[in-house]
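FYI, the numbering just counts along the sequence from 1. One-based numbering, in listed order, for ligands and for the atoms of each.
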Amino acid sequence: MTLWFATGNACKRAELADILAGHALKIPSDAGIRDFEPEEAGGSFFENALIKGRALYRLVKEPVIADDSGLCVDALQGRPGIYSSRYGGDMTAQERNALLLGRMAGAQERRARFVCAMVLLLSEERFYMAQETLEGEIMQEERGEGGFGYDPIFYIPALGRTAAELPAELKNRVSHRGKAGKILQSLIPAAGCPHRGIL
Ligand code: ITT
């Protein structure tokens with residue numbers, strides 16, 4: 001089926017399109033909706049995902065998925081957390097990674113996790129939510145060319161690689177976004193079977 005994804009982030013879109021293979025994903029710009037930037041004024045990943053999802057649902061009135069995600073670093077008391085995309089202000093991802101590595105200089109405790117809150121809205125007041133994590137550690141320096149955002153500084157001990165060193169298919173299988181997406185996907189009826197499942 002066709003699902004709207006309430007995002008302006010092309011990398012998140014590409015990942016979710018693979019995670020939800022079999023469903024067509026549309027984002028606001030596909031429908032000429034410009035400047036889709038609802039104010040992420042919530043105090044949690046979940047609240048912000050719901051804000052984005054509801055904002056798009058009001059415009060399209062069709063099933064919508066929204067994702068609010070970020071990196072929580074133990075030594076930084078969970079920051080950047082819900083402010084991950086805005087950490088340090090107007091910067092490139094590489095500058096943001098350098099900033100975070102600088103703030104972690106000398107830190108022994110390097111545990112961190114990616115978090116993804118994902119909401120599937122069927123109406124403004126009918127929705128399902130999953131929140132998942134990917135556990136890892138903050139590197140001393142960037143490594144790897146794949147992925148996006150904080151991936152080059154996020155090491156996954158269980159795989160012996162940074163998130164930026166994982167093939168896309170593997171990242172989607174183990175990631176916060178991949179696991180949350182699969183949970184919600186299980187609620188969506190298979191294409192062609194509109195009378196089964198929650199829809
Ligand atoms: P939308 O709100 O339009 O979806 P965004 O990039 O602003 O796009 P978020 O508010 O959810 O999305 O912020 C997520 C930020 O967290 C993202 O910009 C990255 O910096 C970081 N992030 C989230 N998931 C990530 C991942 O899988 N790999 C690397 N960084 C990630």
Original post:
What protein heavy atom sits nearest atom 24 (N) of ligand 1, and how far off is it?
Top reply: R177 NH2, 3.0 Å
**OP:** Would you please say whether a donor-acceptor pair under 3.5 Å links the side chains of Y57 and R126?
**Re:** no
Subject >> Between N9 and T7: side-chain donor-acceptor atoms closer than 3.5 Å >> reply: no
**OP:** Provide the number and element of each atom of ligand 1 under 4.0 Å from a heavy atom of Y150.
**Re:** 20 (O), 21 (C), 29 (C), 30 (N)
Subject >> E40: numbered ligand 1 atoms lying under 4.0 Å from its heavy atoms >> reply: 2 (O), 10 (O)
**OP:** Could you check atom 2 (O) of ligand 1 against the protein and tell me its nearest heavy-atom contact, residue, atom and distance included?
**Re:** K52 NZ, 2.7 Å
**OP:** Check whether any heavy atom of A163 sits under 4.0 Å from an atom of ligand 1.
**Re:** no
Subject >> Side-chain donor or acceptor of N48 paired with backbone N/O of G42 under 3.5 Å >> reply: yes
Subject >> Identity and separation of the nearest protein heavy atom to atom 23 (C) of ligand 1 >> reply: S69 OG, 3.3 Å
Original post:
Strictly under 4.0 Å, does any heavy atom of L71 approach an atom of ligand 1?
Top reply: no
Subject >> atom 12 (O) of ligand 1: nearest protein contact (heavy atom, Å) >> reply: K12 NZ, 2.9 Å
Subject >> atom 16 (O) of ligand 1 - nearest protein heavy atom and its distance >> reply: S84 CB, 3.4 Å
Original post:
Is G8 in polar range of ligand 1, meaning some N or O pair under 3.5 Å apart?
Top reply: yes
Original post:
What residue and atom, counting heavy atoms only, is the protein's closest point to atom 28 (N) of ligand 1, and at what distance?
Top reply: D151 OD1, 2.7 Å
Original post:
At the 4.0 Å heavy-atom cut-off, does K171 count as touching ligand 1?
Top reply: yes
Original post:
In terms of residue, atom name and distance, what is the protein heavy atom nearest to atom 18 (O) of ligand 1?
Top reply: S85 CB, 3.4 Å
Original post:
Heavy atom of E37 under 4.0 Å from ligand 1?
Top reply: no
Original post:
Looking at ligand 1, does H176 have a heavy atom less than 4.0 Å from it?
Top reply: yes
Original post:
How far is atom 4 (O) of ligand 1 from its nearest protein heavy atom, and which residue and atom name does that atom have?
Top reply: T7 OG1, 2.6 Å
